[in-house]
Novice: 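One structure follows; several queries about it will come next.
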Number of protein chains: 2
Amino acid sequence: MSQDAAPRKGQRDTVSVTLQDIAAHAGVSRSTVSLVLRESPLVAERTRRKVQRSIKALGYVYNRGAAALRGSRTATLGVVVYDIANPFFGAMVAGIDAALHRQGYVSFLANSEDSPERQQRFLERMREHRVDGILLCPAEGTDPALIATLADWGLPCIQVLRHVGEPPFDYAGTDFRQGVCQAMDHLVALGHRRIAFLGGHREHSATRERWQGYRESLERHGLDYQRLLRATVTRRDGFTLIQQLMAESPAPTAVVCHNDLVAFGAMLGLKRMGLTPGVDCAVIGTDDLEEAALGDPALTSVATHPYAIGEEAARLALRRIADPAGAREQVVLAPRLQVRDSCGAPASSGPAASSGGHY
Amino acid sequence: MSQDAAPRKGQRDTVSVTLQDIAAHAGVSRSTVSLVLRESPLVAERTRRKVQRSIKALGYVYNRGAAALRGSRTATLGVVVYDIANPFFGAMVAGIDAALHRQGYVSFLANSEDSPERQQRFLERMREHRVDGILLCPAEGTDPALIATLADWGLPCIQVLRHVGEPPFDYAGTDFRQGVCQAMDHLVALGHRRIAFLGGHREHSATRERWQGYRESLERHGLDYQRLLRATVTRRDGFTLIQQLMAESPAPTAVVCHNDLVAFGAMLGLKRMGLTPGVDCAVIGTDDLEEAALGDPALTSVATHPYAIGEEAARLALRRIADPAGAREQVVLAPRLQVRDSCGAPASSGPAASSGGHY
DNA sequence: AAGTGCTTTTGGATTGATCCAAAAATAGAG
DNA sequence: CTCTATTTTTGGATCAATCCAAAAGCACTT
């Protein structure tokens with residue numbers, strides 16, 4: 001009879017070791033063991049060691065679910081992106097992952113595919129799982145009220161890359177406006193005066209910021225030529241649009257692209273027309289993906305540091321969880337123009353210097 | 001005094017609505033509400049509706065943590081990949097995500113960066129979170145004993161893409177051997193007789209399978225030329241290795257690459273030498289990433305369907321969770337050669353037909 | 001009216017940790 | 001050798017659900 005109660009070898013997965021068991025083994029109370037596990041400074045050194053020995057001896061596994069039920073943290077976070085197959089987001093998620101891991105956090109990932117409905121379902125599920133916070137790259141068409149809803153739910157939310165709703169909110173991203181300005185300045189310095197902008201999702205903060213940078217730069221440099229082609233953000237779009245554009249008269253001598261994928265497409269489109277990227281038309285991308293350096297020609301690109309954005313977003317989330325009432329923060333990294341071979345001076349001018357304007 | 005106990009508007013996050021509250025509101029017991037939530041057929045239709053109305057009225061949020069404590073499932077899964085920034089894995093994760101979401105599951109993601117230590121830490125954390133199962137793309141250098149350890153932990157584990165340890169185990173992937181064979185057959189049919197293989201991680205099932213396909217094909221077609229260049233799996237490797245290879249004498253007339261990234265690098269390397277991919281040397285990739293179709297020239301590639309692999313892996317995981325003692329399964333998808341412009345007949349022969357061998 | 005076989009519903013025990021106020025042990029001062 | 005002050009330790013209540021055996025309700029027979 002009493003034999004039945006003994007823990008059976010090799011079948012431990014049914015009956016798991018609990019705090020109680022360790023307490024008994026170490027000759028202390030449940031509470032003390034709990035304190036040891038949470039590395040409380042209250043516990044005396046000798047006791048701590050004794051308990052830790054018992055933990056090892058019994059092969060104890062901490063039950064985070066049980067801890068979360070009584071405590072206030074789950075040490076989990078929800079991460080929503082809209083296109084995980086895009087290497088930009090891959091790198092960003094890698095950054096998030098690295099930063100969270102260091103702090104003992106772990107994250108649920110969802111791919112919204114830019115569908116607000118999918119996004120909503122995932123967020124509701126995250127609420128049921130009692131995550132400590134959310135990292136959100138809002139899907140296109142996200143209701144701005146969502147941010148307030150999450151606040152009502154008591155769920156800290158850090159927006160990443162794009163943002164919706166009214167400030168103040170927590171946000172981590174890059175200064176896309178400044179990035180485009182850098183690209184434009186560089187082109188103007190090389191002598192370009194007809195510069196087009198290629199691509200950009202419909203209505204989004206990240207797109208608006210780029211367009212703003214484009215328009216501002218035109219004005220600042222007193223350029224008349226303005227050509228802003230909206231489109232989605234794929235390689236194929238770049239391929240198609242550049243060919244339309246180069247058939248116009250006058251054609252641009254340079255294009256700045258919404259992202260690297262569009263730029264790759266544009267370079268390919270130029271080649272398809274028998275033109276040489278960087279000679280017949282300068283091309284600048286945005287993101288500086290790994291492949292940019294190995295393009296043909298190597299692509300000049302505005303580096304937006306997705307890995308770093310991910311890290312910053314994760315850190316910000318942890319700060320907000322620690323201090324939910326703290327002032328909202330906006331971490332905006334500075335982009336950096338990575339100059340390579342895809343943009344030279346305009347065709348008619350020599351390999352001339354930084355004083356623009358002989359076109 | 002008693003006013004203080006009343007739930008305060010707009011501050012509901014401190015005191016949450018529980019089953020008990022709903023039971024009281026609907027005039028039934030806690031157990032009945034629980035049954036309704038789990039869609040048990042035991043509950044009478046009238047009762048169900050009454051309870052559901054109360055759930056809506058009180059704005060109840062299911063607490064999955066509490067449910068998991070008493071019940072046996074957490075409806076969560078751990079997913080480990082080794083390079084989330086690689087678009088192949090991005091697509092795979094998207095497939096996993098889609099399949100899990102449909103079943104109400106949600107997944108923790110970790111990026112091991114091919115470090116067995118990071119992988120180990122994550123798996124331990126997953127155990128503490130009591131996930132129902134693991135989808136594992138084992139990091140390079142993973143101890144084969146890991147699979148047995150996970151089994152000891154009572155954690156179902158589906159290996160994806162690569163596998164370690166002894167069969168039987170659960171696995172989802174592609175038949176890489178067959179993929180390489182398809183590529184080789186195609187090249188031989190076009191008249192190629194000197195075909196090299198480029199790239200491949202050190203020791204891995206997924207690499208071994210490809211090499212096996214290469215060697216088998218050489219033998220089957222009676223080819224003497226054999227050149228297998230090991231390397232890691234990046235664009236840069238392809239770029240470097242192809243240039244070494246083409247400087248040899250005799251040089252190959254075609255290369256099959258470990259993945260598309262290596263193939264892109266190889267095409268770029270050929271151009272750098274003044275050669276034309278698809279004319280001076282045929283190139284075939286593996287994976288068929290989105291960018292393959294838009295390469296210059298468009299890349300012929302063995303499609304390995306990462307999204308589908310992700311879906312299959314997720315489905316297999318759910319099956320194994322439902323039936324932990326069931327027979328182990330290996331879901332191996334068939335790859336498909338996607339013919340494009342990067343491989344023609346060898347330079348000296350005409351645009352000749354399917355009867356190989358005039359070289 | 002009692003008995004039979006269903007379908008529904010129920011309360012108490014249980015899961016495994018944390019919180020908290022209070023008790024116990026120890027150190028230091030007079 | 002007390003008495004206080006400080007450091008450690010503790011047990012009971014609690015978190016919010018599920019499990020399970022038993023009770024209640026209900027429709028039919030007989």
Novice: Nucleotides 9-14 of chain C: which of its N/O atoms have a protein N/O under 3.5 Å away?
Specialist:
{"residue": "C:dT9", "atom": "OP1", "partner": "B:T47", "partner atom": "OG1", "Å": "2.3"}
{"residue": "C:dT9", "atom": "OP2", "partner": "B:A44", "partner atom": "N", "Å": "3.2"}
{"residue": "C:dT10", "atom": "OP2", "partner": "B:S29", "partner atom": "N", "Å": "2.8"}
{"residue": "C:dT10", "atom": "OP2", "partner": "B:S29", "partner atom": "OG", "Å": "3.2"}
{"residue": "C:dT10", "atom": "OP2", "partner": "B:T32", "partner atom": "OG1", "Å": "2.7"}
{"residue": "C:dG11", "atom": "N7", "partner": "B:S31", "partner atom": "OG", "Å": "3.1"}
{"residue": "C:dG11", "atom": "O6", "partner": "B:S31", "partner atom": "OG", "Å": "2.6"}
{"residue": "C:dG12", "atom": "N7", "partner": "B:R30", "partner atom": "NH2", "Å": "3.4"}
{"residue": "C:dG12", "atom": "O6", "partner": "B:R30", "partner atom": "NH2", "Å": "3.1"}
{"residue": "C:dA13", "atom": "N6", "partner": "B:R30", "partner atom": "NH2", "Å": "3.1"}
{"residue": "C:dT14", "atom": "O2", "partner": "B:R70", "partner atom": "NE", "Å": "2.5"}

Novice: Which word best sums up how the rings of B:H163 and B:Y171 line up, parallel for under 30°, tilted for 30 to 60°, or perpendicular for over 60°?
Specialist: perpendicular
Novice: Using atom CG of A:L37 as one end and atom P of C:dA17 as the other, report the distance to the nearest whole Å.
Specialist: 8 Å
Novice: Could you tell me how far apart A:K50 (NZ) and D:dT9 (C1') are, to the nearest whole angstrom?
Specialist: 11 Å
Novice: Send over the distance from B:R38 CZ to D:dA17 C1', rounded to a whole Å.
Specialist: 9 Å
Novice: Starting from C1' on C:dA17, measure out to OH on A:Y60 and report it in whole angstrom.
Specialist: 7 Å
Novice: How close or far is atom P of C:dT15 from atom CZ of B:R130, stated in whole angstroms?
Specialist: 13 Å
Novice: Taking the six-membered ring for Trp, are B:H129 and B:F108 parallel (under 30°), tilted (30 to 60°) or perpendicular (over 60°)?
Specialist: tilted
Novice: Is it true that B:R125 and B:E128 make a salt bridge, defined as a side-chain N closer than 4.0 Å to a carboxylate O?
Specialist: no
Novice: Between B:R46 and D:dC26, is there a side-chain N or O to OP1/OP2 distance below 4.0 Å?
Specialist: no
Novice: Please walk me through it: do B:L69 and A:N63 pass side chain to side chain contact (heavy atoms under 4.5 Å, CB included)?
Specialist: CA-CA 9 Å; B:L69 184 56; A:N63 185 328; 4.2 Å; yes
Novice: Whole angstroms only, please: what is the CD-P distance between B:Q20 and D:dA16?
Specialist: 11 Å
Novice: Could you give the CG-to-P distance, from B:L69 to C:dA17, as a whole number of Å?
Specialist: 9 Å
Novice: Would you say B:E45 has more than 12 foreign heavy atoms packed within less than 6.0 Å of its CD?
Specialist: yes
Novice: So if I take every side-chain heavy atom of A:Y62 and compare against D:dC19, C:dA17, C:dT15, which nucleotide ends up nearest?
Specialist: C:dA17
Novice: Apply the side chain to side chain contact (heavy atoms under 4.5 Å, CB included) test between B:Y105 and each candidate in B:L100, B:D97, B:V131; give the one that qualifies.
Specialist: B:L100
